[in-house]
Amino acid sequence: MDTPVRNDNDLLKKINWLMFFRVFFTVFLLGSTIFVHYRQQIVSPNPSLEFLYGIIVGVFILSIGYAVLLRYGMNLLGSAYLQIILDTVVVSLIIFATGCYSSIFSFLYILVIVNSSQLFFRKGSMFIAALSSIQYGLMVDLEYYGILKPFDNSRSLLTDDLTQVTYKIVITMVAFFAVAFLSSLLAEQARSSRKKLIAMEEHVRRVDRMAYMGEMAAGLAHEIRNPLASLAGSIQMLKEELQFHPGQEKLMRIILREADRLSILLSDFLLFARPPSGNVAEFLVEDVLVETLDLFEKDINCRRRVSITTDLIPRVRIAMDPVHFRQILWNLLLNAAEAIPDQGKIHIRMQNLQNEFVEIRIADTGHGILPEHIHSIFNPFFTTKPIGTGLGLSIVHRLLETYGGSLDVESQINEGTVVTLKIKNVK
Ligand code: ADP
Ligand code: MG
């Protein structure tokens, strides 16, 4: 047997429900039988009703048996199959007791089939439909040929001919399979949407947790920054005021260098986790670009090592916080310069795209990005540098996101990298 339901809890719930439903139905059957019994004021013993009482008692005993089996750890799917198969037998007995061919209870098979589709889905419910068809067909055939004698002789099927009997059997069987098909289809759809829902809930919870963790981490980073600054400041003062021998001097330098690194990491992290909301202003791209490049050319990362050329267009305006724009440019320029081992070039080209976007292309002649790294470079903390924080591109991405901009990276190993920024311009 296949195992269509992997979630045992779910299956157990359904089995419990089925057992409850069966007992409930049996009580109902018992009640209506007693009612009929009294109404008819039957004097002579009625074998049909007695047989029904027997079935009712049998179902109660079976229900207790199922509960005991479940209690003592019977395999859930096996138990479900046992119950459903015995249900088809019980239904056959009820139909036999109430007139076989003329019984109005053949719909009970359909209840069993619907239940089986909830428990076993497509294959299992088809199997139960087949089992019900065989039992029903066999019973009616045996009755037709006079082998099986129902109790209720008054409404014998002798009046129907073979064609009518066959017709009824076939129609009933088709109904069984149709119900099995449709209800298992519904059950499967319900199962897959439930799965999707659970996956979505899981996702939302994870995102929530991440956001919470991010907030906590940002709070922590913020709290560490001030004591770190006092520490670095105090050591700096000690270093200037006291005399150390060279070994101690070296240790002092290490402390200051590492404090510096920590402080950069904290600021970068804070910028990434809580980018300041920013004061949006309109400005000329060219102005801020030239300003940033001037600063950058004096920076230690660039000085005398990297030559920068530009190809800018004037009078293009964008609307964002200029501080953010500078930060974006700075991070990208820094990456470009850091990728260049000795001497190299950075070229910056500006383009107007359909008067809607301004495109800024920063091309370097650095070592490039390995194809297996290209998908990770935007992940926070992903770095290939010994002292990198891996936050530069994450910050760029985060900042651009808030202004509806985009970033594209293309790279050839040992030839260089081209980073393309696209930002909406102001007309
Ligand atoms: P960091 O610079 O601290 O390593 P980033 O987020 O700025 O962090 O960059 C992540 C990684 O992406 C870098 O470690 C580097 O491997 C790669 N990378 C980014 N820009 C370039 C570039 N222009 N050339 C080569 N590699 C780059
Ligand atoms: Mg960087």
Side-chain angles (χ1 to χ4, degrees), residues 210 214 217-218 221 224-225 228 257-276 289 292-293 295-303 305-311 323-351 359-403 405-423:
M210 290 285 286
I224 294 173
R225 220 156 46 150
L228 184 68
R257 191 187 67 210
E258 295 301 307
D260 243 18
R261 259 183 68 188
L262 254 180
S263 152
I264 290 172
L265 172 66
L266 290 176
S267 327
D268 274 3
F269 178 71
L270 274 172
L271 204 58
F272 167 68
R274 276 186 195 159
L289 241 169
T292 314
L293 285 175
L295 262 182
F296 190 72
E297 279 177 323
K298 294 193 189 82
D299 189 83
I300 181 140
N301 285 294
C302 181
R303 216 161 36 205
R305 208 168 58 79
V306 182
S307 66
I308 300 182
T309 51
T310 56
D311 184 1
V323 176
H324 288 171
F325 188 56
R326 268 188 217 109
Q327 180 81 52
I328 291 170
L329 290 174
W330 191 270
N331 288 5
L332 296 178
L333 289 169
L334 201 59
N335 279 348
E338 283 170 349
I340 296 171
D342 324 290
Q343 301 282 320
K345 291 187 203 124
I346 298 177
H347 181 69
I348 297 163
R349 195 187 73 194
M350 243 174 96
Q351 250 184 330
E359 189 187 82
I360 302 164
R361 232 171 132 265
I362 302 175
D364 65 59
T365 57
H367 52 55
I369 303 169
L370 287 171
E372 61 262 37
H373 287 165
I374 199 96
H375 294 293
S376 316
I377 57 172
F378 288 103
N379 293 347
F381 303 112
F382 175 85
T383 182
T384 53
K385 299 167 192 169
I387 54 160
T389 62
L391 287 169
L393 286 178
S394 309
I395 292 169
V396 170
H397 195 254
R398 189 85 193 254
L399 290 176
L400 273 178
E401 225 174 25
T402 47
Y403 297 104
S406 67
L407 188 69
D408 189 47
V409 181
E410 278 171 76
S411 191
Q412 275 291 329
I413 205 82
N414 291 329
E415 284 187 18
T417 304
V418 182
V419 179
T420 313
L421 273 173
K422 231 161 85 178
I423 305 169

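First listed ligand is number 1; within each ligand, the first listed atom is number 1. Quick note: residue numbers are just sequence positions, from 1. No experiment lies behind these values; they were computed from the predicted model shown. Atom set for the values below is all heavy atoms of this structure, side chains included, hydrogens, waters and symmetry mates excluded.
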Any idea which atoms of ligand 1 are less than 4.0 Å away from a heavy-atom of G388? 3 (O)

Atoms of ligand 1, numbered as shown, that sit under 4.0 Å from any heavy atom of T389: 3 (O)

Give the intermediate values and the outcome of side-chain contact (heavy atoms from CB on, under 4.5 Å) for residues H367 and I413. CA-CA 6 Å; H367 52 55; I413 205 82; over 6 Å; no

Has the side chain of D364 got a donor or acceptor atom that lies under 3.5 Å from a matching backbone atom of T417? yes

Any donor-acceptor N/O pair, D311 side chain to R349 backbone, under 3.5 Å: no

One residue to check: H367. Relative to ligand 1, which of side chain, backbone, both or neither has a non-hydrogen atom less than 4.0 Å away? side chain

Nearest protein heavy atom with distance in Å, relative to [atom]:
atom: atom 23 (N) of ligand 1; answer: D364 OD2, 2.9 Å
atom: atom 4 (O) of ligand 1; answer: T383 OG1, 2.6 Å
atom: atom 10 (C) of ligand 1; answer: F382 O, 3.4 Å
atom: atom 12 (O) of ligand 1; answer: I377 CG2, 3.3 Å
atom: atom 15 (C) of ligand 1; answer: T384 OG1, 3.5 Å
atom: atom 2 (O) of ligand 1; answer: K385 NZ, 2.7 Å
atom: atom 6 (O) of ligand 1; answer: L393 N, 2.8 Å

Drop me the distance from [X]'s [atom1] to [Y]'s [atom2], to the nearest 0.5 angstrom.
X: F272; Y: L265; atom1: CZ; atom2: CG; answer: 12.0 Å
X: M350; Y: L421; atom1: CE; atom2: CG; answer: 11.0 Å
X: E297; Y: T292; atom1: CD; atom2: OG1; answer: 11.0 Å
X: R261; Y: L266; atom1: CZ; atom2: CG; answer: 12.0 Å

In this structure, are over 12 heavy atoms from other groups packed under 6.0 Å from E258 atom CD? yes

Is it true that L391 lies under 4.0 Å from ligand 1, counting heavy atoms only? yes

Please find out if the Mg ion (ligand 2) and some N, O or S atom of N335 are separated by less than 2.8 Å. yes

Check each of L332, I369, N335 against atom 27 (C) of ligand 1 and report the one with the nearest heavy atom. I369

Name the option, out of G368, S394, G390, that contains the heavy atom nearest to atom 8 (O) of ligand 1. G390

Could you walk me through whether I348 and R361 pass the side-chain contact (heavy atoms from CB on, under 4.5 Å) test, one step at a time? CA-CA 6 Å; I348 297 163; R361 232 171 132 265; over 6 Å; no

Should G392 be counted as touching ligand 1, given the test is an N or O pair under 3.5 Å? yes

